[in-house]
**Q** 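Once you've had a glance at the structure underneath, I'll fire off some questions.
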Amino acid sequence: MKNILSVFSLFAAAVLVFSGCAKTAPKCLSPEDSPPHHYVTGMELIEAGKIREAGEKFERARYCDSGYGPAYAGLAIVSAEKAAAATKDGYRKVDVDNAFEMLDTSGKKAATSADDFAYRLASMRAYTVIKPSRKWLNQVEDDYKKAMKLKVDDKKLLFYEGREAASFFMGKAYLEGREFQAARDRFSDVLNERKDGRWNPRADALWKKTDRIVRALAGVTLGDIGKEVAVKDSVKRGDMAALLTDEVKIDRLFAGRIPVKSEIDKMKPEFMPVDIKDSPFREEALTMMKWGIRGLEPVYDGDSKAYLFSPDEPIKRKDFALVLEDILIKITGDPKMASAFLGHTKSPFPDIKPTAAWYNAVMNVTTRNIMETELSGEFRPDAVVDGADAVLAIRVLKQ
């Protein structure tokens, strides 16, 4: 009986040993199927805007090693991006909760200073995207300071490749928080850190953008709408109507003047374009129509056979020139300004003929330094107006 028990004990012990080995045996053996490889690939997919595919890579990294902290950092960014894209509050809450859960796990499983850096950067990026409270920027600043204090070898940072990555994403956070001067300073830090770093080209582009905004805002205080417009790569017609209504105070500026009747006013005094009835910029668009601001008037659309304001259509530079000229004419009360440069046989702009309908307007705004040309002298009439262009023009008008 004792022999039987001994044999059974040995068999049971062997089963436990082998089962223990099965639990600790690595799941992913090849270099291409490793947590670091999947993490880096996932981060590159995030940069490419492929959020779902990135999530799959981070899940694979977690499967390979459930204790690999950066995998959870990547999953936190994925959940934050999903939350930002969610159109329903219920889905957003699930993604937000998951993002913070993954962040917490990433911090707890950070085994090295490089893992901790990945966790801090993920936290900065998640808070910037989600903005869970009014003090979200304070949390990003705290993570940034802690990331910069880490003693870490840049070569071990895998995807980020250098500590200047923290400055880059701090700059993006400041830009999102409309702290333009601080954003420009952080992008400048990136440029001064390493000339050949992976974040250098992107920091250079954003530094130029924020520098233009900072210069445009010098001596001018903009409200919330102005700040929102300032960061846009293209300003829509609805945005422009809101900017002129709120920042230039068109109604107050023209108070007591007789509105210039537009063709739409003559056709139907109570006219309202159908495409602004449910627009958040309806009142601002109607203000532009009331004063007959050229360049922001409704335009006949052949497909719908109706006059449309097109609030979601980006405004072109030639139309913006017409807007600014019209405001100048109404402010000065000088109608001769509308024909001051007509009759020219030669244009100073290589991309605008003197017979163009907007030539006079372009001459008026460029000779008064309200709008700028390229160093080559081109005006780029068909290019869209970006936020910095709009704010620069508003600055001159205000002054």
Side-chain angles (χ1 to χ4, degrees), residues 46-49 121 124-125 128-129 137 140-141 144 148 160-222 224-236 239-240 243 247 314-318 320-321 324 349-351 362 365-366 368-399:
I46 286 178
E47 295 304 308
L121 267 290
M124 291 173 63
R125 297 178 69 167
T128 299
V129 171
L137 191 55
V140 179
E141 289 175 324
Y144 171 66
M148 295 303 288
Y160 289 110
E161 298 181 2
R163 292 201 314 156
E164 68 273 12
S167 295
F168 175 78
F169 285 102
M170 188 69 248
K172 289 194 70 175
Y174 279 132
L175 190 56
E176 282 290 317
R178 308 311 183 235
E179 299 287 342
F180 302 121
Q181 180 70 59
R184 184 179 67 171
D185 292 344
R186 293 293 75 77
F187 293 135
S188 179
D189 289 343
V190 178
L191 297 176
N192 293 330
E193 186 68 25
R194 283 197 302 177
K195 300 299 182 184
D196 58 345
R198 74 172 296 161
W199 305 104
N200 193 284
R202 292 173 63 182
D204 182 58
L206 290 175
W207 182 89
K208 290 175 181 176
K209 177 177 182 176
T210 51
D211 180 63
R212 291 178 66 209
I213 296 173
V214 169
R215 288 189 293 110
L217 293 176
V220 178
T221 301
L222 284 184
D224 291 339
I225 289 179
K227 290 179 180 178
E228 290 300 314
V229 169
V231 301
K232 292 180 179 292
D233 293 323
S234 63
V235 180
K236 298 177 181 179
D239 296 327
M240 185 60 69
L243 184 67
E247 301 295 341
I315 187 168
K316 295 181 179 180
R317 285 172 56 85
K318 61 187 181 185
F320 189 39
L324 296 171
F349 312 106
D351 54 351
V362 171
V365 297
T366 53
R368 289 170 171 78
N369 298 317
I370 300 176
M371 291 184 72
E372 300 176 350
T373 62
E374 295 294 307
L375 292 176
S376 62
E378 294 181 340
F379 182 77
R380 299 182 300 121
D382 290 311
V384 298
V385 178
D386 67 19
D389 282 337
V391 172
L392 279 166
I394 297 304
R395 174 191 176 187
V396 177
L397 283 176
K398 279 192 169 187
Q399 292 176 338

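Residue indices begin at 1 and follow the sequence shown.
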**Q** Report the distance from atom CD1 of Ile315 to atom CZ of Phe320, rounding to the nearest 0.5 Å.
**A** 7.0 Å

**Q** Give the minimum heavy-atom separation between Asp233 and Val384, together with the two atoms involved.
**A**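 Smallest heavy-atom distance, with atoms named: O-CG2, 4.3 Å.
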
**Q** Answer yes or no: is there a donor N or O on one side and an acceptor on the other, between the side chain of Asp351 and the main chain of Glu378, under 3.5 Å?
**A**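 Absent.
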
**Q** How long is the gap from CZ on Arg163 to CG on Asp189, to the nearest 0.5 Å?
**A** 11.5 Å

**Q** Mind checking whether Glu179 and Lys227 have side chains closer than 4.5 Å, heavy atoms only?
**A** no

**Q** Going by ring-ring contact (aromatic ring centres under 6.0 Å, His included), Phe168 matches just one of Tyr174, Trp199, Tyr160. Which one?
**A** Trp199

**Q** Check whether Asp239 reaches the backbone of Lys236 with its side chain - one donor and one acceptor, N or O, closer than 3.5 Å.
**A** yes

**Q** Determine whether more than 12 heavy atoms belonging to other residues, nucleotides or ligands lie under 6.0 Å from atom NZ of Lys318.
**A**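 It does: Lys318 NZ has more than 12 such atoms within range.
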
**Q** Going from CD on Glu247 to CD1 on Ile394, what distance comes out if it is rounded to the nearest 0.5 angstrom?
**A** 7.5 Å

**Q** Where do Glu372 and Leu392 come nearest, in terms of heavy atoms and distance?
**A** OE2-CD1, 4.3 Å

**Q** Would you call Arg202 and Glu47 a salt bridge, taking side-chain N to carboxylate O under 4.0 Å as the test?
**A** yes

**Q** How long is the gap from NZ on Lys208 to CZ on Arg184, to the nearest 0.5 Å?
**A**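 One finds 14.5 Å between NZ of Lys208 and CZ of Arg184.
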
**Q** Can you tell me if Arg212 uses its side chain to pair, donor with acceptor, with the backbone of Gly387 under 3.5 Å?
**A** no

**Q** Could you tell me which non-hydrogen atom of Phe187 sits nearest to which non-hydrogen atom of Gly171, and how far apart they are?
**A** CZ-C, 3.4 Å

**Q** Applying salt bridge (charged side-chain N to carboxylate O under 4.0 Å, His left out) to Asp386 and Lys209, what does each step give before you reach the verdict?
**A** CA-CA 10 Å; Asp386 67 19; Lys209 177 177 182 176; over 6 Å; no

**Q** Before accepting this row, confirm whether a basic side-chain N of the pair Arg178/Glu228 lies closer than 4.0 Å to the acidic partner's carboxylate O.
**A** yes

**Q** How long is the straight-line distance from CD of Gln181 back to CZ of Arg186, given to the nearest 0.5 Å?
**A**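 It comes to 10.0 Å.
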
**Q** Considering non-hydrogen atoms only, spot the tightest contact between Val235 and Ala390 and give its length.
**A** CG2-CB, 4.3 Å

**Q** Mind listing the closest non-hydrogen atom pair of Met170 and Met124 along with its distance?
**A** N-CE, 3.5 Å

**Q** Can you find a heavy atom in the side chain of Lys172 that is under 4.5 Å from one in the side chain of Leu206?
**A**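 Yes. Closest side-chain heavy atoms under 4.5 Å.
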
**Q** Charged N to carboxylate O below 4.0 Å: is that the case for Asp389 and Arg317?
**A**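 Salt bridge present between Asp389 and Arg317.
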
**Q** What are the two closest heavy atoms between Phe180 and Thr210, and how far apart are they?
**A**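 Phe180 and Thr210 have their closest heavy atoms at O-CB, 4.2 Å.
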
**Q** Report yes or no: does Asp211 contribute a side-chain atom to a donor-acceptor pair with the main-chain N or O of Trp207 at less than 3.5 Å?
**A** no

**Q** Does the side-chain contact (heavy atoms from CB on, under 4.5 Å) test come out yes or no for Met371 and Leu324, once each step is laid out?
**A** CA-CA 9 Å; Met371 291 184 72; Leu324 296 171; 3.7 Å; yes

**Q** Quick check for you: to the nearest 0.5 Å, what is the distance between Thr128 atom OG1 and Glu176 atom CD?
**A** 7.0 Å

